[in-house]
Amino acid sequence: MAEIDRLALYTDAKKELYRRNFRLFAQEQLTITGIEPGQMLKFGPLLDGQELLHAAVEKQLKEQGWVRTVFIKSRQLGGSTYTAGRAFWLASLNPGVSTLEIAHDEETARSVFEKCKLFYDRMGDDFRPMARRDNKAELLFENPDSRSRIHYPGLGSRMTFNHAKNVTAGTGTTRHFIHLTEAAKFRTDLTDLLESSLFPALHLVPGTWCINESTAFVGGDYFRGCCERARSGESEWRFVFAPWYIERSYRLPLTKGERFKLDSREQFIKKVAAKGQPKDGVPPVDISNEQFKWRRM
C-alpha cells in the first residue's frame with residue numbers, strides 16, 4: 001500500500017510539473033512520426049520554427065495569461081504539430097477542458113486527429129487519462145465504464161476535430177482552446193459565418209488559447225486579413241512569422257569542387273535575412289549556400 005501511495009504521489013507531482021512545462025511534457029510523453037518510413041520519435045527538441053512559435057506563446061501567456069496568435073510558416077516547420085501538442089497537453093492534464101481543432105477540409109482534420117491519437121496511444125500508462133471515446137471526431141477523456149463513472153468520472157475533458165466547411169462548429173459550445181490549421185485555404189465566403197460561430201465560444205480569459213496557423217496560399221484572403229490584424233499591433237492578436245531559412249536542417253551539402261553562385265533573387269533574400277525582421281520576431285540569419293541549394297531543389 002505504501003508503495004502504491006508513493007507511485008501515486010510521484011505521478012501527481014510529475015503531472016503538475018508537466019502542467020508548468022510543456023517542453024518537458026512533449027519530450028517525455030508525446031510521440032510523433034518522423035520523416036523516415038517507420039520512424040517514431042519523441043516530440044523534442046523543437047524545430048527552429050516551432051521554437052519561434054513557442055517563445056511567442058510563452059511570452060503572451062506570461063504577459064496576458066491567454067494566447068491569441070497568428071502564425072505564418074513555411075511548409076513542414078511543425079506549426080500544426082506544435083499547436084495540436086499544446087491542445088493535447090491542456091486537455092490530457094486538466095479537468096473540464098474543451099478544445100476544438102478546425103482544418104480546411106475533412107482529410108486534414110483527420111490528420112490532426114491522428115496526431116493526437118498517436119499522442120494518446122504512446123503516453124506512459126501512469127499519465128494516460130481514461131478515454132470514453134476516441135474516434136475521428138472526438139477524444140473524450142472520461143471513464144468508459146458507466147457503472148463506476150459516477151465515482152471515478154475521469155477528467156471530463158474533450159478534444160473535437162472538425163473542418164471549416166462546418167460553419168457552425170463552435171455554436172452552442174464553450175471552448176478553451178481553438179486551433180485553426182491551414183487557414184489560408186479556408187473558403188473566404190464562409191469565414192464570416194465560421195468566425196461568428198467560433199469566437200463567441202472562446203472567452204478572452206486567462207488560460208484560453210487560439211492559434212491560427214497556415215502556410216501562405218494564393219487566394220487566402222481570410223488568413224491574410226488575420227495576419228494584417230495581428231501585425232498591426234492594434235488587437236489582442238500576436239503575429240509570428242517563420243520563413244523557410246529559419247530551419248537549419250533545410251540544407252543540402254555542396255559536392256567537392258562545386259561552384260555555387262547566388263542569383264539576384266537569392267542575393268536579395270540573403271540581404272533581408274541578414275538584417276532580421278524584428279517586428280515579426282525573425283532573428284538575423286546568415287543563409288548558407290547549402291541552404292540555398294536546398295531551396296533550389
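A distance below 6.0 Å separates the ring centres of Y82 and F22.
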>> Under the criterion side chain to side chain contact (heavy atoms under 4.5 Å, CB included), I'd like the reasoning laid out for F177 against V67: C-alpha separation, chi angles, the key distance, then a yes or no.
In response: CA-CA 9 Å; F177 193 120; V67 172; over 6 Å; no

> Between L254 and E290, is a side chain to side chain contact (heavy atoms under 4.5 Å, CB included) present by the stated rule, with each step listed?
Replying inline: CA-CA 6 Å; L254 302 182; E290 289 81 2; 4.0 Å; yes

> Could you walk me through whether K270 and D286 pass the salt bridge (charged side-chain N to carboxylate O under 4.0 Å, His left out) check?
Replying inline: CA-CA 7 Å; K270 187 176 181 70; D286 183 17; 3.0 Å; yes

>> Using the rule given for side chain to side chain contact (heavy atoms under 4.5 Å, CB included), can you reason through F186 versus N212, listing the C-alpha separation, both sets of side-chain angles and the distance that settles it, and then say yes or no?
In response: CA-CA 12 Å; F186 287 8; N212 181 355; 5.9 Å; no

>> Determine whether L100 and L198 satisfy the following criterion, side chain to side chain contact (heavy atoms under 4.5 Å, CB included), listing intermediate values before the conclusion.
In response: CA-CA 9 Å; L100 177 60; L198 292 180; 3.4 Å; yes

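Within the model, atoms CD of Q29 and CH2 of W89 stand 14.5 Å from one another, a figure rounded to the nearest 0.5 Å. A distance of 9.0 Å separates CD in Q60 from CD in E236, rounded to the nearest 0.5 Å. With rounding to the nearest 0.5 Å, the separation of CG in N94 from NZ in K15 is 10.5 Å. Atom CG of residue L194 and atom CG of residue D189 lie 11.0 Å apart, to the nearest 0.5 angstrom. Within the model, atoms OG of S232 and CZ of F239 stand 11.0 Å from one another, a figure rounded to the nearest 0.5 Å. Rounded to the nearest 0.5 angstrom, T99 OG1 and R175 CZ are separated by 7.5 Å.
Remark: K165 pairs with no residue by the side-chain hydrogen bond (donor to acceptor under 3.5 Å, both in side chains) rule, at least two apart or across chains. Checked against side chain to side chain contact (heavy atoms under 4.5 Å, CB included), L17 has the following partners two or more places apart in sequence or in another chain: K14, L24. In this structure W66 satisfies the ring pair (Phe, Tyr, Trp, His ring centres under 6.0 Å) test with no other residue, sequence neighbours excluded. Checked against side chain to side chain contact (heavy atoms under 4.5 Å, CB included), R128 has the following partners two or more places apart in sequence or in another chain: Y120, M123, D125. Residues satisfying the salt bridge (charged side-chain N to carboxylate O under 4.0 Å, His left out) test with K136, not counting sequence neighbours, are E106. Applying the side chain to side chain contact (heavy atoms under 4.5 Å, CB included) criterion to Q27, with sequence neighbours excluded, gives R23. With sequence neighbours left out, D263 forms a side chain to side chain contact (heavy atoms under 4.5 Å, CB included) with R265, E266. Applying the salt bridge (charged side-chain N to carboxylate O under 4.0 Å, His left out) criterion to D105, with sequence neighbours excluded, gives no partner residue.
In the hydrophobic clustering of ILVMFWY residues, with side-chain heavy atoms under 4.5 Å counting as a link, L47 and L53 come out apart. Under the 4.5 Å side-chain heavy-atom criterion for ILVMFWY residues, a single connected hydrophobic cluster contains both L262 and W294. No single ILVMFWY cluster, assembled from side-chain heavy atoms under 4.5 Å apart, contains both L190 and F199.
Using cut-offs of 30° and 60° for the angle between ring planes, the F25 and F88 rings count as parallel.
When all heavy atoms are compared, the tightest approach of G96 to S157 is N-OG, 3.1 Å. Of all heavy-atom pairs between V240 and A56, the closest is CG2-CB, 3.4 Å. In this structure, A109 and N162 approach most closely via the heavy-atom pair CB-O, 3.3 Å. For the pair E101 and A87, the tightest heavy-atom approach, listed with the atom from each and the gap, is OE2-CB, 3.2 Å.
A distance-only check finds no donor-acceptor pair linking the side chain of T208 to the backbone of L202 [under 3.5 Å]. Between the side chain of Q291 and the backbone N or O of Y245 there is at least one donor-acceptor pair closer than 3.5 Å. Without hydrogens or angle criteria, S214 side chain to A184 main chain gives a donor-acceptor distance under 3.5 Å. Judged by distance alone, with hydrogens and angles left aside, the side-chain atoms of H179 form no donor-acceptor pair with the main-chain N or O of I211 at under 3.5 Å. Side chain of S235 to main chain of W237: a donor-acceptor pair is present (N/O by atom type, distance under 3.5 Å, no hydrogens or angles). Judged by distance alone, the side chain of E247 and the main-chain N or O of S249 form a donor-acceptor pair under 3.5 Å.
For T171 and S197, the side-chain atoms include at least one donor-acceptor pair closer than 3.5 Å. A side-chain N or O of N143 and one of S148 form a donor-acceptor pair less than 3.5 Å apart.
Pairs of residues two or more places apart, or lying in two chains, that qualify as salt bridge (charged side-chain N to carboxylate O under 4.0 Å, His left out) and include a residue from residues 40-49 are D48-R248. Sorted by first then second residue, the salt bridge (charged side-chain N to carboxylate O under 4.0 Å, His left out) pairs that include residues 204-225, not counting sequence neighbours, are K73-E213, R224-E228. Among residues at least two apart or in separate chains, salt bridge (charged side-chain N to carboxylate O under 4.0 Å, His left out) pairs with a member in residues 62-71 are K59-E63, E63-R238. For residues 74-90, the pairs satisfying salt bridge (charged side-chain N to carboxylate O under 4.0 Å, His left out) are E58-R86, with sequence neighbours left out.
Surrounding CZ of R133 are more than 12 heavy atoms belonging to other residues, nucleotides or ligands, all under 6.0 Å away.
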